[in-house]
Number of protein chains: 2
Amino acid sequence: MNFNAITIRDIAKELNLSVSTVSKALRDSHEISEKTKKLVMEYAREKNYRPNPIAQSLKQGLSKSIGIVVSTIENQFFSQVINGIESVAYKEGYNVIITQTHESYDLEVKNVGHLTHRSIDGLLISLSTETKDIEHLQRLHRQGLPIVFFDRVSNEIDTHKVIADNYRGGYNATKHLIESGFDRIAHITSPPNISITKERLAGYHQALADAGVTLPDNYIKYCPHGGRDISEIENALNELLALDPKPNAIFTTSDRITTTTLFLINKMGIKIPEEIALAGYTNTTLADVLNPPLTSVYQPGFEIGQKATEMLISLITSKRPVTEFQTAVLPTQLFVRKSSIKKS
Amino acid sequence: MNFNAITIRDIAKELNLSVSTVSKALRDSHEISEKTKKLVMEYAREKNYRPNPIAQSLKQGLSKSIGIVVSTIENQFFSQVINGIESVAYKEGYNVIITQTHESYDLEVKNVGHLTHRSIDGLLISLSTETKDIEHLQRLHRQGLPIVFFDRVSNEIDTHKVIADNYRGGYNATKHLIESGFDRIAHITSPPNISITKERLAGYHQALADAGVTLPDNYIKYCPHGGRDISEIENALNELLALDPKPNAIFTTSDRITTTTLFLINKMGIKIPEEIALAGYTNTTLADVLNPPLTSVYQPGFEIGQKATEMLISLITSKRPVTEFQTAVLPTQLFVRKSSIKKS
DNA sequence: TTGAAAGCGCTACCAC
DNA sequence: GTGGTAGCGCTTTCAA
């Protein structure tokens, strides 16, 4: 299994030392003479010795791995977050174990179970759209498992959290649409129970209010599974297009909803932005090449991952119980492209 | 760490049995009476006992984890492969550890080193575009580490491999372009040293030959880093467009090259497919929404991941040394869209 | 400054 | 059918 099969015992034997001396020497303990340390370290390097991380884990009661729960890594936002997580985790000597909920509450519970049974030192989680009850996490949290929420957070657990500035992302996108001359702005979004939905919606409402625009409630459509099924987006869209007056712009949240909305509008033969403008949350690197180029709210996925991991490791390594928690809010970026610019 | 802190020892004490009896009972050993087994198992379930996987690993000399090396998970092809890998690995009780080379040979060597130091039972790898020398893998292979190649494989190591039918993918895309009325088909591809480049190129050549089309060698452009840097694609494109006669179609390989080529052509204001047609390898789910909708060669990423993992686990669990190796070749799919259809 | 020995949780060998 | 015990590789106390 470990393909540097040399152990601490081999070194001890070869150097006529005891295992404990070698162990201490390798960890640069002050109770070992410089001479011995040098001897051991050089021999270890020469033989390319690596401590067996499993034995270390067993001894120290730490697994040196971090569990991750996201909806799906195929979503570029999450793959960027994972890149950020790994960049910090690997540097600090942690493994990561990635699991996906595919927006299912049951899968989330199952994954969290698997992760804890596999011995993780901490958990990074973005809740599934279906998740309403978080008892499965509260139990673990009470037992002392360090947890950091990111993206879709819960306020029913008091711990560190990292989110994009969802409120401002929603505000800026909506404001931009208004300033581009669109006054009937619909909103297609994830289910109302998850945090990002509420925050982005609040931004949308405020931007409308600030501009003195009033719109009916049925301009807002929720997708129960966050757009996992194309039909939920299709329904939302059809309902919006049947309204009188019809919206002349749509603000969407989440990669899936945004790109699927674009797909559906194109398929219906409706012209963007002439007949309806579109601006939405997405982290795809293809926004420029879409038809039409898509105005997007971009979240700093990589940085979110980094920050969350730093916070988690600080919880894991903290000597005393942590009682002061913070929520990091990272700015989003609005990229204005053709899909939301009125031709004049 | 393990938040089901109950151990086999606790059970033994509570039930007035020995640890070994409990251990055997839990593993349903035939040398334990049904009565005792039932007693132990019920108590274990009641107390939600889970064996500590780290202790098991240490004991058995197996880590129950699989190392993965890909270029980047942001590429949808690879995230689909990883989904396939995880679907099999988790079912079989294996963890996966994902690392990314970002097309760098140095990073690949480093990642492989980290993985083996972290004790993996086997390795799934798609080589970086920079990799020419695979001594870092040959050493491990000689030492007995099970390795399965996928996507970008090497024939310098005799082991299981899983690839898409790159030859036929290249053949079909090129044939389709020819049949659509394009006779001057350029090819922008990855560096010539990696397997997928050669195979797709062979398909391209054969399709041209079968149609009796002869094209100059400078219709083929290689991107040294597989399109990691936009400039390499930009150069390739500029060189192609400066040719006389200019190509009237381009066949591209790899997600990155394909979508970047689309981006650049759009940026130059050149019309697709009127002035130049485009067909390329990509697994993006957005092909339909691109401008224009993009003719794509799709690889069964999920299935590739599944197959590779099944093969790897069979190597890991094999009692006797395996000497018969196979290369699984999975079919690609050609999706014809507007980018390669001549307006008539 | 060094070493012997216990023990992390589990499995497996060998006695009883 | 059951239990004692050694040992996986490492860290850490305690004794020398």
Side-chain angles (χ1 to χ4, degrees), chain A residues 1-41 43-44 47-65 93 116-121 317, chain B residues 1-41 43-44 47-65 93 116-121 317:
Chain A
M1 68 175 309
N2 189 323
F3 291 87
N4 299 287
I6 170 169
T7 74
I8 224 171
R9 167 118 88 243
D10 299 326
I11 300 181
K13 202 173 297 172
E14 189 63 35
L15 264 36
N16 273 318
L17 290 168
S18 74
V19 241
S20 38
T21 304
V22 174
S23 173
K24 284 174 196 155
L26 287 170
R27 330 190 74 238
D28 202 20
S29 161
H30 56 270
E31 35 178 321
I32 301 294
S33 72
E34 287 306 320
K35 190 159 144 277
T36 309
K37 277 199 255 189
K38 201 172 158 211
L39 181 72
V40 172
M41 288 195 180
Y43 184 82
K47 294 291 185 186
N48 198 23
Y49 166 79
R50 303 286 160 175
N52 178 333
I54 295 180
Q56 284 178 317
S57 292
L58 180 60
K59 180 67 194 172
Q60 307 181 345
L62 287 175
S63 63
K64 278 285 191 176
S65 37
T116 50
H117 293 154
R118 288 205 140 278
S119 300
I120 52 168
D121 294 344
T317 54
Chain B
M1 62 175 312
N2 189 321
F3 291 86
N4 299 288
I6 171 170
T7 75
I8 223 170
R9 167 119 88 244
D10 299 327
I11 301 180
K13 202 173 295 173
E14 189 62 35
L15 263 37
N16 272 320
L17 290 167
S18 75
V19 246
S20 38
T21 304
V22 174
S23 173
K24 284 174 196 155
L26 287 171
R27 330 189 74 239
D28 202 19
S29 161
H30 57 269
E31 35 179 324
I32 302 294
S33 72
E34 287 306 321
K35 190 160 145 275
T36 308
K37 278 200 253 188
K38 201 172 159 215
L39 181 71
V40 171
M41 288 194 180
Y43 185 81
K47 293 291 185 187
N48 198 23
Y49 165 80
R50 303 286 159 175
N52 179 333
I54 295 179
Q56 284 178 315
S57 292
L58 180 61
K59 178 68 193 170
Q60 307 181 343
L62 287 175
S63 62
K64 279 287 193 173
S65 34
T116 50
H117 293 154
R118 288 205 141 277
S119 301
I120 51 168
D121 295 344
T317 54

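Order of the sequence lines fixes the chain letters, A, B, ..., with proteins taken first and strands second; residue numbering starts at 1 for each chain.
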**Gap between atom CD1 of A/Ile6 and atom CD1 of A/Ile11 - 0.5 Å precision** = 4.5 Å
**Distance in angstrom units between B/Leu58 CG and C/dG7 P, rounded** = 17 Å
**Message:** As an exercise, state the distance from CG of B/Leu62 to CD of B/Gln56, rounded to the nearest 0.5 Å.
**Reply:** 10.5 Å
**Request:** Check whether any side-chain N or O of A/Gln60 sits under 4.0 Å from OP1 or OP2 of C/dC8, and answer yes or no.
**Result:** no
**Request:** Considering just the side-chain nitrogens and oxygens of B/Ser23, establish if one lies under 4.0 Å of OP1 or OP2 belonging to C/dC10.
**Result:** no
**Asked** Backbone N or O of B/Ser119 within a donor-acceptor pair of the B/Ser63 side chain at under 3.5 Å?
**Response** yes
**Bend angle of the helix from C/dT1-D/dA16 to C/dC16-D/dG1, end axes from five pairs each (to 10°)** = 50°
**Message:** Among residues 27-37 of chain A, which ones have heavy-atom contacts with DNA chain D below 4.0 Å?
**Reply:** A/Arg27
**Asked** What's the spacing between B/Ile32 CD1 and B/Ser23 OG if we round to 0.5 Å?
**Response** 9.0 Å
**Message:** Whole angstroms only, please: what is the CD1-C1' distance between B/Ile8 and C/dC8?
**Reply:** 14 Å
**Fill in**
Sorted by chain and residue number, the side chain to side chain donor-acceptor pair (under 3.5 Å) partners of B/Ser33 (sequence neighbours excluded) come out as B/Thr36
**Request:** Establish whether the base of C/dA4 is bridged to the side chain of A/Ser20 by a donor-acceptor pair shorter than 3.5 Å.
**Result:** yes
**Request:** Please state how far atom NZ in A/Lys13 lies from atom P in C/dG3, giving the value in whole angstrom units.
**Result:** 15 Å
**Gap between atom CG of A/Leu15 and atom OG1 of A/Thr21 - 0.5 Å precision** = 10.5 Å
**Item:** Counterpart residues, side chain to side chain contact (heavy atoms under 4.5 Å, CB included), relative to B/Glu31 (two or more places apart)
**Value:** B/Lys24, B/Ser29
**Item:** d(NZ, B/Lys24; C1', C/dA15) in whole Å
**Value:** 11 Å
**Complete:** Rounded to whole Å, the NZ-P distance (B/Lys64 to C/dT11) equals 12 Å
**Item:** Side-chain N,O (B/Tyr49) to OP1/OP2 (C/dC10) below 4.0 Å
**Value:** yes
**Prompt:** Quick one: does A/Thr7's side chain get under 4.5 Å of A/Asn52's, heavy atoms only?
**Reply:** no
**Request:** Figure out the CG/C1' separation between B/Asn52 and C/dG7, and round it to whole Å.
**Result:** 14 Å
**Protein-nucleotide distance (B/Leu62, atom CG; C/dC10, atom P), rounded to Å** = 17 Å
**Request:** To the nearest 0.5 Å, tell me how far A/Ile8 CD1 sits from A/Leu17 CG.
**Result:** 11.0 Å
**Complete:** In the 5' to 3' direction, the nucleotides of DNA chain D bounding the stretch that comes under 4.0 Å of a heavy atom in chain B are D/dG1 to D/dG9
**Prompt:** Got a sec, which residues hit side chain to side chain contact (heavy atoms under 4.5 Å, CB included) with A/Asp28, two or more places apart in sequence or on another chain?
**Reply:** A/Lys37, A/Met41
**Message:** Rounded to whole Å, please give me the gap between NZ in A/Lys59 and P in C/dA5.
**Reply:** 16 Å
**Complete:** Interatomic distance, CD@A/Gln60 vs CG@A/Asp121, rounded to 0.5 Å, equals 10.0 Å
